[in-house]
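The structure appears right after this line, and notes come after that.
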Amino acid sequence: MIAKVIVDVPAQQTDRLFDYRIPPEWEEVVKPGMRVVVPFGPRTIQGFVIEIAESSSHNKLKRISNILDVIPVLTQELLELGEWLTDQTLSFKISAYHVMLPAALRAKVKKEVVLRGDPASFDMALQAAFGKTDRLNWDVLTKEHASLVRLVQTYIQKGVLDLEYVVVDKGNKKTERVLRLAAEGETEEELLRHLSARAAKQREVISFLYNQKNPIKTNELLRILETTRATITPLLKRGLLNETEEEVYRDPTEGLDIQETMPLELTEKQAAVIAPILKSLESEVHEPFLLHGVTGSGKTEIYLQAIDRTLKDGKEAIVLVPEIALTPQMVNRFKGRFGSKVAVLHSGLSMGEKYDEWRKIHRDEVKVVVGARSAIFAPFKNLGIIIIDEEHESSYKQEENPRYHARDVAMFRGRYHKCPVILGSATPSLESYARAKKGRYTLLPLTERVNNRAMPEVNVVDMREELRAGNRSMFSAALLEKMQERMDRDEQTVLFLNRRGYSTFVMCRDCGYVATCDHCDISLTYHRSQNQLKCHYCGHEEAMPTVCESCGSEHIRFFGTGTQKVEEEIAKVLPSARVIRMDVDTTRKKGSHERLLTSFGKGEADILLGTQMIAKGLDFPNITLVGVLAADSMLHIPDFRASERTFQLMEQVSGRAGRHELSGEVVIQTYTPEHYSIELVKSHNYEAYFEMEMAQRKHAGYPPYFYLTLINVSHPEITKVIGVTEKITSFLKRELSDETVVLGPTASPIARIKDRYRYQCMIKYKNEPKLVTTLREIQQHYLKEMNQGQLNISIDLHPYLFM
Ligand SMILES: Nc1ncnc2c1ncn2[C@@H]1O[C@H](COP(=O)(O)OP(=O)(O)OP(=O)(O)O)[C@@H](O)[C@H]1O
Ligand SMILES: [Zn+2]
Ligand SMILES: [Zn+2]
């Protein structure tokens, strides 16, 4: 029997199946989707079995040297999905398979020298190197005992030593020692008779285990009986107790207090929206839905009840939530309803925790997974529903190979399992809404908040006028007054500072010089806590200068607003306000995110101040005011979606106010109040916004009217970068159809990162059958140079990032 294997070498030449002979003793064992270890050239590497065949067209095949799984880690569906993903993203098959699995499964292989003969005949130094063991790590040997390598070689030739490849699985299962009584059928009295009357502690252990009936973790027993290991060691030696290492799961939500919840009675509007979803579940046909529900319209309750139906039918559910919205509050809404049937996957988990959660899914121990982007690959076999909440979020697109969008993967899996896919959002992406309007997705509108609660009233404040009126503070008079009001009424405020595309840079007031990174064409960010300047692209750090590098002036200051600065300002203008600040600095420690939110939920602060982190998912009854400090900081990023993102973000933050009994209000501070992406938040008019933005896109030739492909070239030498980009551009112009537009070459918005120059070229097209083959040709052409030299070419078929 032959196994056709994709090997773990991400390169064009190896992006195909290689045949290996399956040793006879494993013919029954090896299955498609398993990881195996195979010899490849001079190396031994990992691979995935894709197919099993009777014979091969090659002779002299090498044998599989090891198998890494007992149950395949990739199902037939995921194997096909990998194939599809490779085509969709122009990546390598091996990268596609890796992205579906937890990193812990990416086993490493280590070389070991193993003893086969009698070490007595050894040279003394070699004996010492081995010590009491019969194995020696090759790296240790070559590094620490380099002089012995030659000797080892001769012993290997003599057959006294051998070289072996051992796979190190990074997914260390967590185990704990567990104790139980060894003998069965003996009474307590009989057991105790084995022990001397003076061994009081030992007797206590035996009695405890006898009465406890079940095995117990060794540590727990020692704790309960207030004793040490010295007590049980003799019992183990005499064979009265058995101790085993048993696998336990790491529980990321350990210690969280989760309240069980019951399904709410749906409002009439919610009922109307869930009906077609339930119908699709029942009829077992794939149907994509776009649930367009304003903030606080009760979308989550619809998800929960649709999942409930799915589970009752014996099927499984995937729920995607953007990383930053995966707050404990959000997770608890699912755990509260479905308890231990829920696995959670997000980047805050350790590698081991992710592996544990993944294994619960793999072993059918859970039925629901709530997670960020990569949870879309959860290895369920009987998927009944896929939900993507906040479907407009750009974090659903992976920005490295394979550059996939979770929405596309969801549709693939929905078709495969013949199940509904629900995209939910208060502010759908233009692409999705356009598809819904065309009838490709079923549109489910939820235009009102639960129980007809009012949408928050939005005030847009022109900060230029504030300045003219002599207000130099970062708070407008209106916002300050409303914050004071909330404090008087014991209500809460959320203050949002948009940090994307906005930073605290350092500038000379005399000559306008801005401190930039020596390796990247980007300004450095001031970090107050260390009084240092940092580059957010390459990590370069330097001390805050005291004089201007360019003119020598001492008037060099940092500009821009960080959350720390806002906090200080609040202390000046509202000295009695209790503030909780949430940003990367205050949430770095595990669990701090949750602690801060819980504390705010309990009313221990008047103001929650934060960045993007607090824009989504918050549902606290006492928030009646939302303030946005700098609405337009994102509007001027060189990205055709800048306006769309601004509208979405403003609408999302506004949605945090007045979700329960108390009504809410929003103050948006801006320098461009007339811009439609800000203006239209006042009326919460998504439809009008959609029409405006669509007209813009049509005019400029952007998605969803046109498709885009972005090619990015980078190299340490600028002439090289320009040369290659020019060649690519003219090749594309020659090969592609006349209706297709090829733009470039141009310097990327950030023209240099980590001392590498960056150029780009963009393709705009409506229908371009030759696109993929042409791009593959480019990849092929530069293959050697990319493998051996410094050249890098990245191709993004649906770009979301233009920096
Ligand atoms: N049928 C219902 N009856 C009573 N309360 C409900 C009902 N459905 C939802 N709610 C409550 O209304 C509030 C808003 O609902 P939910 O958080 O599900 O809205 P959402 O549309 O997901 O909001 P967002 O998109 O802003 O996060 C929640 O506190 C929720 O418990
Ligand atoms: Zn200067
Ligand atoms: Zn840098």
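All values below were derived from every heavy atom in this structure, side-chain atoms included, with hydrogens, water molecules and symmetry-related copies excluded. Every number for a ligand or one of its atoms is a count from 1 in the order of the listing.
Under a 4.0 angstrom heavy-atom cut-off, S297 registers as being in contact with ligand 1.
Here atom 23 (O) of ligand 1 lies nearest to G296 when heavy atoms of G296, P263, P621, G424 are compared. Comparing heavy-atom distances from atom 18 (O) of ligand 1 across R656, R333, Q652 singles out R333 as nearest.
Below 4.0 Å from some heavy atom of T267 lie the following atoms of ligand 1, by number and element: 1 (N). Ligand 1 places these atoms under 4.0 Å from at least one heavy atom of T295: 26 (O). Those atoms of ligand 1 that come under 4.0 Å of a heavy atom in R659, given as number and element, are 14 (C), 16 (P), 17 (O), 19 (O), 23 (O), 24 (P), 26 (O), 27 (O). Interface of H660 with ligand 1, defined as ligand atoms under 4.0 Å from a residue heavy atom, comprises 29 (O). Within ligand 1, counting atoms from 1 as listed, the ones closer than 4.0 Å to a heavy atom of E265 are 1 (N), 2 (C), 3 (N). Those atoms of ligand 1 with a heavy atom of D619 less than 4.0 angstrom away are 28 (C), 29 (O).
The Zn ion (ligand 3) lies at the vertex of an angle of 110° between the SG atom of C517 and the SG atom of C535 (rounded to 10°).
Within 6.0 Å of CZ in R489 there are more than 12 heavy atoms belonging to other residues, nucleotides or ligands.
The distance criterion of under 3.5 Å between nitrogen or oxygen atoms is not met by N451 with respect to ligand 1. Distances between N or O atoms of T300 and those of ligand 1 include at least one value under 3.5 Å.
Side-chain contact between S794 and R758: absent, with no pair of heavy atoms (C-beta onward) separated by less than 4.5 Å. Within the 4.5 Å cutoff, the side chain of L625 has heavy atoms near those of the M483 side chain.
Between the CD1 atom in I387 and the OG1 atom in T300 there is a gap of 9.5 Å [rounded to 0.5 Å].
For L264, every heavy-atom contact with ligand 1 shorter than 4.0 Å involves the side chain, none the backbone. Neither the backbone nor the side chain of R449 has any atom closer than 4.0 Å to an atom of ligand 1 (non-hydrogen atoms only).
Between K437 and E687 there is a salt bridge, with a side-chain nitrogen of the basic residue lying less than 4.0 Å from a carboxylate oxygen of the acidic one. Look at R337 and E301 and you find a salt bridge, because one of the NZ, NE, NH1 or NH2 atoms lies within 4.0 Å of a carboxylate O, short of that distance.
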- Would you sort out whether E393 and R373 count as a salt bridge (charged side-chain N to carboxylate O under 4.0 Å, His left out), showing the intermediate values? CA-CA 10 Å; E393 268 292 305; R373 180 179 64 229; over 6 Å; no
- Query: Between E644 and S429, does a side-chain hydrogen bond (donor to acceptor under 3.5 Å, both in side chains) hold up when you go through it step by step?
  - Reply: CA-CA 8 Å; E644 183 183 351; S429 62; 5.1 Å; no
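Heavy atoms only, all atoms of each residue included: L304 and R333 are closest at CD2-O, 3.7 Å.
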